[in-house]
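First listed ligand is number 1; within each ligand, the first listed atom is number 1. Just so you know, these numbers use all the heavy atoms, side chains as well, and skip hydrogens, waters and symmetry mates.
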Amino acid sequence: MTTTANAVNVSDERLRIVRGACGHDCPDTCSWMVEVRDGRAQRLYGDPDHPFTRGTLCAKVNHYLERVYHPERLEYPLRRVGPKGEGKFVRVSWDEALADIAARWKSIIAESGAEAIMPYSSAGNQGLIQHASLDRRFFSVLGCTQLDRSICGEVPVAGLSVTQGTGFGVDPEELVHSKYIVLWGTNTIVTNLHLWPVILEARSRGAKIVVIDPIRTRTAEQADWHIQPRPGSDATLAMAMMHIIIRDDLVDHDYVSKHSIGYEQLVERVQQYAPELVKDRIGLAVEEIEKLASEYAKVQPSLLRPLIGLEHHRNGAMMFRTLACLPVLIGSWKHRGGGLSRSTGAVQYSTLNHRGLTMPQLQKPGTRTLNIRDLGNDLCSTTLTPPVRSVCIWNANPVVSTPNQQQVIRGLLREDLLTIVHDLVVTDTARYADYVLPATSQIESLDLVPAWGHHYLSLNQPAIDPVGESVSNTELFRRLAAAMGLKEPFLFESDESLIRTALSSGHPWLEGITFDQLKVAGSIRFNHERDWRPFADGNFRTPSGKAEFWSQSMLKQGLDPLPSGGDFPQAENGFLQLISGKTLHYLNSGYGHIERHRKREGVLFVEIHPDDANSRGLQDGELVNVSNELGTVTAVCRISDRIRTGVVWMPFGGLVDAAGNKRSINSVTPEEPTDWGGGSGFYDAFVEITRCSESY
Ligand SMILES: Nc1nc2c(c(=O)[nH]1)N[C@H]1C(S)=C(S)[C@@H](COP(=O)(O)OP(=O)(O)OC[C@H]3O[C@@H](n4cnc5c(=O)[nH]c(N)nc54)[C@H](O)[C@@H]3O)O[C@H]1N2
Ligand SMILES: Nc1nc2c(c(=O)[nH]1)N[C@H]1C(S)=C(S)[C@@H](COP(=O)(O)OP(=O)(O)OC[C@H]3O[C@@H](n4cnc5c(=O)[nH]c(N)nc54)[C@H](O)[C@@H]3O)O[C@H]1N2
Ligand SMILES: [Mo]
C-alpha cells in the first residue's frame, strides 16, 4: 500500500485529494480518491495502488459524483402534504421535523408501548458505523421492535455454520492458487468485478473456471464450462457429487478421520443420491454430474464460490450446509487456494469490536423481533399486538427490494402509520413517507468500511461538506435521541470515537492498525499471513470442534442432522419458476433515478426459453404479463437460449415495469421463509406468462 497522506497538497493549491472507500452493499469495497476544489468534488476514481481495487471502479460508481450532485438529491427535510404515496411534500426545518416525530413517537409509546415503533434498515450503506451503531443503541434504549435483517448473507452463514461452525472461508485473493474454481450461483463479472482479475490470474496459471447457474450469465459466457441445473437443486447436485466421490473412493480419508464427524452416516445418506436417481430433479445429464464430481475431487486445489443465487431459495440454508461438506470430504482445505470462499463478512465482523458498536446488551429482554421479509404482512396485520404504528426506514428501499411488494405498498398506504424515511433522494419507498429526511452520500461522512469480498479495512474520510442539510445516519440518530429527551452519553458518541471503539477488539489481526494509521494509508490489509488456511488443520468452530457431517445441534432443533438436497418446490401446471439477478448499472434498487443508468438497463424484460415461448405462443419483443396470486408485472418478452426450460429470469432493479406501472419483479415474489436462518425464498416464485393486451 502506498501511504499517500489523506489530504495531499499538490501543485494546484486549491486542489485536495481525499482518500475514501465505497460504502455500497457489494463485495468489492473499492478504495477511491476524491479530488476536491473549493469544497466541490470534481473527480472520483479508484485508488491505483490498492491491490484489490487496482485503479478501477465499476459501471455505477464511475458516475458516483452524478449521484452526489444529482438534481433530485434531497437537501432538506420534507413533510408530506398530499395523500400517501403521491409524493407531495413541503420543506420543513430539521427542528420542526424532529419535534413532530418525537412528539408522535412519545404518544405512540405512551398509548401502545415502544414495540409499536419498528426500525427498518438494510445495508444501503455498509460502512461499519453508518450501517449499525447508534441506531441499534437508540432503538434498544427505547425498547422498540427489533428487526431480523436476514435478507442477504445471514442464511449462508446459518447453513455453513452447521458444517464448519463459522462462516469463515478462503481469502478471495488466495484464489490465484486455485486450480478448479466453481462459481456457484454468482455472476462475478457483474456483481464482484474486482475478483475477476484474480480468477483470470488463476486461469493463466492453469485453473479451470466452472459456472453453475440456470442462466448463461456474462460470467458463464467467459467460463470454461457452464452447468445449467434447475433452480434450487444445487444441494441435490452436491449430494450426488458426494455420492460419486465416496463411490469412487476420491475421499481424503486422512483429513476426514482427523477433522470430521459423521462420515458413516454421510456414506449412508448419499446412497439415495446416485446420479441416475436424482438427475431429473437436478435437470442435468448423468455424464455432467459424473464429470463435475470427478474433476472437482481430482484437480486440487479446488475451490467453491457460492454467493447469493442459492440463498434466496426456501432450502437456502441447507444448500450452504451441504455444499460446505464437499471441501471437507476431499480435504481441499489443506491446500493453498482450496476450500470454499464466500463472504469475508464473518472474518471482518469477528475481527472488529462489533458488539461495542451496537451494544446488544441494551436490548430489553423479551422485546419482539419482526423479520425484514415480512414487512408487508406486518404492516397490514390486524392481529399483531401492538400493531406497527410507526416505521423508521434508512439504508433500505423496501418498496423495491422486499418480496411481496404490493403488500408492502398496501401497508405503507395506511393513513394511521407514521413513516419516516432517511435517504439521498425521494425513493420509491420515500414516496409513502410522512417525513423524508436527507442523508449524506459516502463522500460526506466518516466511516470505517469493512469488506465482504476481501481482507482490507478501509477508512472513508469525508471529502466535502454535507450537501444541503443532509446528515449521516449516525448524526440522524444523535438528533433523534436528543429530540426524544434521551440523555445516555453513548447515544451521542462521535463518529471518530465509534471507529476507535470498533478497532479496540484486541484481535491480533488488528495489531498495529489504528485510526491514525488508516487516516494516512486509507486501507490496510488484516495483519495475518497471506497463506491463511482457516481449516487446514481442522479448527472448525462447531460444538465438536470438527467438521460436522452429522450435527447434534440440528437434531436438537428438530432439523435434519445430515446434509441433504432439501425440499425445493418445482414448477407445475404451466407455471414457470422466476429467478432474478443483479444488473450492471443498478446497485440493487439504487441508481434508477439517474437517466444514464436507466437508459443502459432499458425497459424491464423477462427472459424465456424458445420452447416455453412457443408453447405459449409468445413472440420476442412483445409485452407479456408475468403473474401469480401475489400480483402482476409487465415486461418485454425476450426469447433466449441463455435460460433453461421451465425457468424465466428478470433483472432486479428499478420499480417501473414495461407498462409504466409502479411494479417490479418483487410484485410476484413470495415472502416464504427459508428452512432456517430467517431468510426469504423469493427465488421460489412461480408465475404464468401471458400475452399482454397493451402494446409496447
Ligand atoms: N427480486 C429480488 N429481490 C431482491 C434481490 C434480488 O436479487 N432479487 N436482492 C436482495 C438483496 S441481496 C439485497 S441486499 C436487498 C437490497 O435491498 P435494499 O437494502 O433495500 O437495497 P437498496 O435497494 O439498494 O436500498 C438501499 C437504500 O439505501 C440508501 N442509502 C445509501 N446510503 C445511505 C446512507 O448512508 N444513509 C441512508 N439513510 N440511506 C442510504 C440508498 O439510496 C437506497 O435507497 O434486496 C433484496 N431483494
Ligand atoms: N452491479 C451490481 N453489483 C452488485 C449488486 C447490484 O445490484 N449490482 N448487488 C450487490 C449485492 S447486495 C449482492 S448480495 C451481490 C450478489 O452477487 P451475486 O451472487 O453474484 O448476485 P446475482 O447477480 O443475483 O447472481 C446470482 C446468480 O444466481 C443465479 N441463481 C438463481 N437461483 C439459482 C439456483 O438455484 N442455483 C444456482 N446455481 N444459481 C442460481 C442467478 O441466475 C444469478 O445469475 O452483488 C452485489 N453487487
Ligand atoms: Mo445483497
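At the top of the distance list for atom 25 (O) of ligand 2, counting protein heavy atoms only, stands Asn187 N, 3.7 Å. At the top of the distance list for atom 16 (C) of ligand 1, counting protein heavy atoms only, stands Asn588 ND2, 3.5 Å. For atom 27 (C) of ligand 2, the nearest protein heavy atom (residue, atom name, distance) is Asp213 OD2, 3.3 Å. Counting only heavy atoms of the protein, atom 10 (C) of ligand 2 lies nearest to Asp25 O, 3.0 Å. Ranking protein heavy atoms by distance to atom 2 (C) of ligand 2, first place goes to Thr583 O, 3.3 Å. Taking atom 18 (P) of ligand 1 as the reference point, the nearest protein heavy-atom neighbour is Ser401 OG, 3.5 Å. Nearest protein heavy-atom neighbour of atom 47 (N) of ligand 2: Thr191 O, 3.1 Å. Nearest to atom 39 (N) of ligand 2 among the protein's heavy atoms is Pro214 CD, 3.2 Å. The protein heavy atom nearest to atom 1 (N) of ligand 1 is Asn666 OD1, 2.9 Å. Looking from atom 22 (P) of ligand 2 to the surrounding protein, the closest heavy atom is Lys582 CG, 3.7 Å.
Less than 4.0 angstrom separates some heavy atom of Gly185 from each of these atoms of ligand 2: 19 (O), 26 (C), 27 (C), 28 (O), 37 (C), 38 (N), 39 (N). Close contacts of ligand 1 with Ser122, meaning ligand atoms under 4.0 Å from a residue heavy atom, involve 19 (O). Close approach of ligand 2 to Pro231 (heavy-atom distance below 4.0 Å) involves ligand atoms 34 (C), 35 (O). Close approach of ligand 1 to Leu587 is summarised as follows: ligand atoms under 4.0 Å from at least one heavy atom of the residue are 24 (O). Atoms of ligand 2 found under 4.0 Å from any heavy atom of Tyr586 (numbered from 1 in listed order, with element): 1 (N), 2 (C), 6 (C), 7 (O), 8 (N). Within the listing of ligand 2, atoms 14 (S) sit less than 4.0 angstrom from a heavy atom of Cys152.
Not one N or O of Leu310 is nearer than 3.5 Å to an N or O of ligand 2, by distance alone. Checked against a 3.5 angstrom limit, the closest N/O atoms of Asn397 and ligand 1 fall inside it. The shortest N/O to N/O separation between Thr402 and ligand 1 does not fall below 3.5 Å. Geometrically, ligand 1 and Ser589 share a nitrogen or oxygen pair separated by less than 3.5 Å. In terms of polar-atom proximity, Thr188 is not counted as a contact of ligand 2, lacking any N or O under 3.5 Å from an N or O of the ligand. Checking only distances, Gly309 does come within under 3.5 Å of ligand 2, N or O to N or O. Taking any N or O of Ile212, backbone or side chain, at least one lies under 3.5 Å from an N or O belonging to ligand 2. Residue-to-ligand polar distances place Lys60 within reach of ligand 2: an N/O pair is separated by less than 3.5 Å. Taking any N or O of Thr217, backbone or side chain, none lies under 3.5 Å from an N or O belonging to ligand 2. Ligand 2 has an N or O atom lying under 3.5 Å from an N or O atom of His313, backbone or side chain.
Side-chain contact check for Lys582 and Asn187: no donor-acceptor pair (N or O, by modelled atom type) lies under 3.5 Å. Remark: the Asn404 side chain and the Glu671 side chain contain an N/O donor-acceptor pair separated by less than 3.5 Å.
Note on ligand 2: Trp649 sits in its first shell, one or more heavy atoms being nearer than 4.0 Å.
Between Tyr683 and His312, the two ring planes are perpendicular [angle over 60°; tilted spans 30° to 60°]. The aromatic rings of His70 and His593 lie perpendicular to each other, with more than 60° between the two planes, well past the 30° mark. Ring orientation note: the planes of His597 and Tyr591 are tilted relative to one another, at an angle of 30° to 60°.
By the 4.0 Å N-to-carboxylate-O rule, Arg216 lies close enough to Asp641 to be salt-bridged with it.
Around CZ of Arg638, the count of heavy atoms belonging to other residues, nucleotides or ligands within 6.0 Å does not exceed 12.
Contact annotation: for His312 versus ligand 1, heavy atoms closer than 4.0 Å belong to the side chain alone.
Heavy-atom proximity to atom 31 (C) of ligand 2, evaluated over Tyr591, Trp452, Tyr683, is greatest for Tyr683. For atom 36 (N) of ligand 1, the nearest non-hydrogen atom from the set Thr429, Asn473, Leu74, Asn125 belongs to Asn473. Checking Leu584, Asp234, Ile308 against atom 34 (C) of ligand 2, the nearest heavy atom belongs to Asp234.
Exactly one of Thr419, Thr429, Thr402 qualifies for a side-chain hydrogen bond (donor to acceptor under 3.5 Å, both in side chains) with Tyr120. That residue is Thr402.
Relative to the ring axis of Trp94, Arg479 places its NZ or CZ within 45° and under 6.0 Å from the centre.
No donor-acceptor pair closer than 3.5 Å links the side chain of His24 to the backbone N or O of Cys26.
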